[in-house]
Chemist: 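Mind looking over this structure? Questions follow.
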Amino acid sequence: MAAEELMSKHKTALNHERAFDEERKIASRVKQRRGRNRLAHGLFFLATLVGVLVLAVLLFDIFQRGWSYVTADFMNNFASRFPSRAGIKGALWGSIWLIAITAPLTFIIGVGAAIYLEEYAKKGWISTLIQVNISNLAGVPSIVFGMLGLTIFVQILALKKSVLAGGLTLTLLILPVVIVAAREAIASVPNSLRHASLAMGATRWQTIQKVVLPYALPGIMTGTILALSRAIGETAPLIMVGAATFLAFTPGSVFDEFSALPIQIYNWVAQPKEEFSNLAAAGIIVLLVILLTMNGLAIFLRNKFQR
Amino acid sequence: MNPTAISVKNLDLYYGEKQALKNIHVDIDERSVTALIGPSGCGKSTFLRTLNRMNDLIPNVRIEGQILIKDTDIYSDEVDVEMLRKRVGMVFQAPNPFPKSIYENVAYGPRIHGLNDKKKLDEIVERSLRGAALWDEVKDRLKDRATGLSGGQQQRLCIARALAVEPDILLMDEPTSALDPISTLKVEELVQELKKNYTIVIVTHNMQQAARISDKTAFFLNGDLIEYNDTDKLFSNPDHQQTEEYITGRFG
């Protein structure tokens with residue numbers, strides 16, 4: 001009995017010692033772990049810095065070259081062979097027309113498709129297939145959409161090189177992005193709210209109108225606006241559908257020819273004269289201001305309606 | 001003796017291949033409280049959801065048998081599921097008010113059924129909130145967001161919202177499981193009050209609660225209705241061995 005007791009005491013002492021060793025090891029590892037944490041922190045900060053620095057350099061360069069060119073004349077003049085008389089009016093209004101066509105179309109079609117897929121479609125392999133395809137379309141290069149627009153809108157539907165053809169092409173381009181964003185916003189609506197509505201005898205459509213959409217709207221609008229700011233910066237598909245680089249008028253109807261900001265900028269950059277590249281910088285400033293305004297609007301809407 | 005509000009005959013329910021309810025027969029009395037008890041996964045919530053066809057929302061559900069409410073089989077083709085759910089209201093496990101004002105929450109049901117008269121809506125909102133014993137607490141802030149209320153208040157708001165469409169039957173799916181004891185007590189008192197005008201079927205995990213508030217109790221196990229009896233009888237001297245074992249805490 002006594003021997004056993006002694007043994008057990010001995011064991012306890014041993015255990016204590018082991019526990020002590022263990023603790024020392026952990027303490028030394030804590031130092032290592034913290035060191036690694038600092039390293040990770042630093043690396044991620046550097047990663048962020050790369051983006052910020054590049055943007056800063058870009059902004060500095062553009063503002064230095066272009067700021068003095070952003071004048072009332074610049075905003076009110078059309079394109080010209082002479083840099084001193086060249087302005088951005090045609091391109092700016094072209095871009096505004098494009099947004100005015102693209103925004104409502106993508107919103108209505110995109111939200112409609114998202115509602116169908118999330119609320120009405122039966123979940124199964126067909127809906128999965130559609131979903132995968134839409135996500136894939138979001139990654140298709142924009143020039144491909146330009147070719148599609150050229151074939152369907154410009155040629156088959158005979159819309160010619162109109163601002164409508166351009167707007168429809170941009171709609172196709174950003175539709176997948178809008179559908180994906182709207183689907184995510186709709187999927188984030190808690191099912192308990194849908195059930196509450198249905199359990200009172202509401203139809204699906206009433207539930208969508210009165211419960212799902214109001215809840216999902218901020219997310220849908222943010223997604224749509226961000227997609228639109230992508231559309232407004234697109235050049236390639238507009239070149240494909242025949243956007244003009246040299247226009248002396250603004251579109252008067254959706255069937256008129258048009259230019260757009262990125263097209264005008266691209267055209268100026270390609271000119272050999274130094275002044276034209278400064279004009280391009282001025283054009284970029286105008287484009288950036290529009291983009292910033294749109295992104296700001298997206299953030300504002302998100303914050304305003306956030307619960 | 002109250003007349004029968006719901007008569008369930010030969011009810012079988014399958015989720016795909018799996019049978020979740022087996023040959024259920026129950027007659028539920030008007031203006032009474034019927035408690036459904038049993039361990040998790042026994043089919044009591046599934047059974048509750050057959051009564052207002054909320055199971056229709058789940059894919060691959062197959063139902064056989066009959067559920068008669070006022071002599072109409074609620075699964076027959078001529079029944080509008082919207083009309084059925086107007087008559088058979090439901091309160092869920094976790095409070096689920098809409099992110100709208102208190103007023104708008106209660107007015108939601110009457111509005112979707114086509115009522116837009118402001119005066120009538122005001123009346124219904126007040127009557128429903130009084131009915132759910134919430135009026136005095138919220139009458140000065142009907143325009144406030146419902147999500148700002150406490151959990152217990154939110155659940156009573158959900159009851160008021162269900163009452164606003166003037167159902168005959170009220171289904172409650174563990175309505176107090178997310179509430180603190182004081183809020184639970186309030187909801188239980190409310191159930192006692194409501195049974196004067198409504199037929200109530202309540203799923204509960206809490207056997208004391210079933211014993212406190214119900215007139216009859218149905219004990220489910222693995223999709224079978226083991227025993228359906230007067231609550232006093234079921235909890236003091238059950239007819240079945242398995243009921244006895246469950247209520248004395250030997251399993252579940």
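Every chain is numbered from 1 and lettered A, B, ... according to where its sequence line falls, protein lines coming before strand lines.
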Chemist: Examine distances only and state if a side-chain atom of B:Arg85 and a backbone atom of B:Arg53 form a donor-acceptor pair shorter than 3.5 Å.
Modeler: yes

Chemist: Looking only at the side chains, is there a donor atom on one of B:Thr4 and B:Glu30 sitting less than 3.5 Å from an acceptor on the other?
Modeler: no

Chemist: Under 4.5 Å between any side-chain heavy atoms of B:Asp173 and B:Arg49, yes or no?
Modeler: yes

Chemist: Could you verify whether a donor N or O on one side chain and an acceptor N or O on the other, from A:Asn191 and A:Arg194, lie under 3.5 Å apart?
Modeler: yes

Chemist: Find the one option among A:His195, A:Lys210, A:Lys123 whose heavy-atom pairs under 4.5 Å with chain B are most numerous.
Modeler: A:His195

Chemist: Relative to chain A, which segment of B:Leu57 carries a heavy atom at a distance below 4.5 Å: side chain, backbone, both, or neither?
Modeler: side chain

Chemist: Could you check if a side-chain atom of A:Leu297 sits within less than 4.5 angstrom of a side-chain atom of A:Thr293, using non-hydrogen atoms only?
Modeler: no

Chemist: Is it true that the NZ or CZ of B:Lys143 lies under 6.0 Å from the centre of B:Tyr103's six-membered ring and within 45 degrees of the ring axis?
Modeler: yes

Chemist: Chain A heavy atoms under 4.5 Å from B:Val81: which part of the residue, side chain, backbone, both or neither?
Modeler: neither

Chemist: Top residue by heavy-atom pair count (under 4.5 Å) with chain A, among B:Arg161, B:Met83, B:Met90?
Modeler: B:Arg161

Chemist: Considering only heavy atoms, which portion of B:Phe92 lies under 4.5 Å from any heavy atom of chain A: side chain, backbone, both, or neither?
Modeler: side chain

Chemist: Among A:Pro190, A:Ala202, A:Ala196, single out the residue with the greatest number of heavy-atom pairs under 4.5 Å to chain B.
Modeler: A:Ala196

Chemist: Less than 4.5 Å to any heavy atom of chain A: does that hold for the side chain of B:Pro167, its backbone, both, or neither?
Modeler: neither

Chemist: Given a strict heavy-atom distance threshold of 4.5 Å, which part of A:Lys122 is in contact with chain B: side chain, backbone, both, or neither?
Modeler: neither

